[in-house]
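First comes the structure, then the notes that go with it.
All values reported here derive from a predicted model rather than from experimental measurement. Naming: A, B, ... by sequence-line order, numbering from 1 per chain. Values reported hereafter were calculated over all heavy atoms of this structure, with side chains retained and with hydrogens, waters and symmetry mates removed.
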Amino acid sequence: MPELPEVESAAVIARRALVGRTLASVVAHHPSQRRSLPARVARRIVGRRVVRVERHGKHQHFVLDDGAVIAVHFRMNGDWEVGRAGDPLARFARITFTASDGVRLSLVDSRALCTAAYHAPGAPPVLALGPEPDDLTTAWLGGVLARRRGPIKPVLLDQRVVAGLGNIYVAEALWRARVHPAREARALGDVQLRALVRGIKAAIADGFARQGRSRDGSRAHPFKVYDREGRPCARCGTPVARVTQSGRSTYYCPGCQRTA
DNA sequence: TTACGCCTGGAG
DNA sequence: CTCCAGGCGTAA
């Protein structure tokens, strides 16, 4: 699930569920989450009203009326499920926030890698994030890439470069820009740089467009190259290739993403 | 820069 | 059974 577009639509769900409501209970159901959100901390949250839900890159911040922040990160596959107090709990519910009027928001995450940390009033989380894709400029990206050695793909996964990109959207953005994932980051020319900025914005916009109609679970694979190894490139028909870069799969088209 | 741990499920 | 998974912090 969760890269920027997915986290944004999740944040909308959380916002609708909790903003303006007072938390009546907060429970971490899995030891892994209890480490970062122990019962004593959860008790401190109870009685507070949620005034705002912010998204920064892939992070979600529940801002409470005393200025405290609950920082949630889905990691690999977290998602929100909205229900009512007393409803049967989802099998992989890891944390539940129940409001005083009975609305319940559950963080569902089979792998239990999600994190939720409490930040006391006056000590907000410090995030090291680059610009959101919407605010990305060629000047910024060019400046950052000029100081990087190594292939472009892992650089784009660095949240300090651009906030919110993950393995899927980086592959999609590079495909749109026709840039080879192994291309030396600082060797990108102006034309490729501009194409890459456009590609990032377009890939993310495409993700957003998909969010609205993704709940009906129709089409499996709306991606251009991600998870399409061996299938023909939509642009040139060349079979999509998969390589490993810094331990993770990268999908690309060897036909139209050339110059490594 | 790479490798591993964190966790668990699903696919082959 | 083995391998893979949309992330990320820390260690080597």
Side-chain angles (χ1 to χ4, degrees), chain A residues 1-11 28-38 55-61 71-81 89-95 106-117 119 125-130 133 145 147-175 181-186 200 203-204 206-208 210-211 214-215 217 219-231 240-252:
Chain A
M1 259 231 105
E3 294 183 33
L4 195 155
E6 294 79 15
V7 174
E8 175 57 28
S9 59
H29 304 282
H30 188 285
S32 172
Q33 277 64 245
R34 231 170 284 138
R35 279 196 288 274
S36 56
L37 209 64
R55 180 193 58 75
H56 306 282
K58 301 176 212 171
H59 302 259
Q60 296 173 76
H61 288 174
V72 176
H73 198 295
F74 283 163
R75 300 287 185 115
M76 297 288 259
N77 57 187
D79 199 5
W80 295 119
E81 183 184 278
L89 213 51
R91 178 165 170 220
F92 300 119
R94 303 309 185 189
I95 304 173
S106 304
L107 201 175
V108 178
D109 170 18
S110 62
R111 289 175 74 180
L113 290 174
C114 59
T115 58
H119 297 260
V126 178
L127 301 175
L129 296 178
L145 296 192
R147 271 169 259 117
R148 292 290 196 127
R149 340 186 107 257
I152 182 67
K153 194 262 187 164
V155 172
L156 292 179
L157 285 175
D158 185 337
Q159 301 298 296
R160 296 170 299 184
V161 176
V162 188
L165 296 184
N167 208 35
I168 293 178
Y169 290 104
V170 165
E172 298 294 292
L174 288 168
W175 179 83
R183 183 74 196 268
E184 184 74 21
R186 52 182 191 175
I200 290 168
I204 291 294
D206 201 51
F208 273 116
R210 203 179 314 112
Q211 286 308 300
S214 63
R215 288 286 173 190
R219 296 174 299 144
H221 261 194
F223 302 118
K224 304 295 189 183
V225 285
Y226 179 77
D227 202 22
R228 290 180 51 88
E229 183 181 13
R231 303 185 56 194
V240 169
R242 178 167 73 98
V243 295
T244 298
Q245 290 179 292
S246 43
R248 313 195 59 192
S249 288
T250 302
Y251 298 87
Y252 72 103

Query raised in the report: Among all residues two or more places apart in sequence or in another chain, which pass the ring-ring contact (aromatic ring centres under 6.0 Å, His included) test with H73(A)?
Result: H59(A)

Please report the distance, rounded to the nearest Å, between [atom1] in [X] and [atom2] in [N].
X       : N      : atom1 : atom2 : result
Q33(A)  : dC6(B) : CD    : C1'   : 10 Å
E3(A)   : dC8(C) : CD    : C1'   : 13 Å
N167(A) : dC4(C) : CG    : P     : 14 Å
L157(A) : dA5(C) : CG    : C1'   : 14 Å
R242(A) : dA5(C) : CZ    : P     : 6 Å
R228(A) : dG6(C) : CZ    : P     : 17 Å
I168(A) : dG7(C) : CD1   : P     : 7 Å
R149(A) : dT1(B) : CZ    : C1'   : 12 Å

Query raised in the report: Between H59(A) and G247(A), who's closer to the 5' end of DNA chain C by nearest nucleotide?
Result: G247(A)

Query - Heavy-atom closest contact (P125(A) atom, A71(A) atom, distance) - result: CG-CB, 4.3 Å

Using the [atom1] atom in both, what is the distance from [N] to [M], to the nearest Å?
N      : M       : atom1 : answer
dA5(C) : dT1(B)  : C1'   : 22 Å
dG9(C) : dG9(B)  : C1'   : 23 Å
dC8(C) : dG10(B) : P     : 23 Å
dC6(B) : dC1(C)  : C1'   : 23 Å

Under 4.0 Å between any heavy atoms, over every strand shown, what does [X] touch: base, sugar-phosphate, or nothing? Just pick one.
X       : result
R148(A) : nothing
F92(A)  : sugar-phosphate
G166(A) : sugar-phosphate
S249(A) : sugar-phosphate

Query raised in the report: Taking only residues two or more places apart in sequence or in another chain, which ones pass side chain to side chain contact (heavy atoms under 4.5 Å, CB included) with A11(A)?
Result: R15(A), V53(A), R55(A), Q60(A)

Look at the side chain of [X] and decide which nucleotide, out of [options], has an atom nearest to it.
X       : options                : answer
Y226(A) : dG9(B), dA5(C), dG7(C) : dA5(C)
Q159(A) : dG7(C), dG9(B), dC8(C) : dC8(C)
H73(A)  : dC6(B), dG6(C), dC8(C) : dC8(C)
K58(A)  : dC8(C), dT8(B), dG6(C) : dC8(C)
M76(A)  : dC8(C), dA5(C), dT8(B) : dA5(C)

Report task. Check whether any side-chain N or O of R91(A) sits under 4.0 Å from OP1 or OP2 of dT8(B), and answer yes or no. Result -> no

Query raised in the report: When you check the phosphate oxygens OP1 and OP2 of dA5(C), does a side-chain N or O of R248(A) lie under 4.0 Å from one of them?
Result: no

Query raised in the report: Is the shortest distance from a Lys or Arg side-chain nitrogen in D158(A) or R148(A) to a carboxylate oxygen in the other one below 4.0 Å?
Result: yes

Query raised in the report: Taking atom types as modelled and ignoring hydrogens, do the side chains of Q245(A) and T250(A) form a donor-acceptor contact shorter than 3.5 angstrom?
Result: yes

Query raised in the report: Hey, where does DNA chain C pair up into stems, meaning at least three consecutive Watson-Crick or G-U pairs with distances under 3.5 Å?
Result: B:1-6 with C:7-12, B:8-12 with C:1-5

Query raised in the report: Are W175(A) and Y251(A) an aromatic pair by the rule of ring centers under 6.0 Å?
Result: no

Query - Distance in Å, F74(A) CZ paired with K58(A) NZ, rounded so as to fall on 0.5 Å steps - result: 13.0 Å

Query raised in the report: Does Q211(A) use its side chain to pair, donor to acceptor, with the backbone of D206(A) at less than 3.5 Å?
Result: no

Query raised in the report: Just by modelled atom types, is the A116(A) backbone N or O under 3.5 Å from a matching donor or acceptor in the S36(A) side chain?
Result: yes

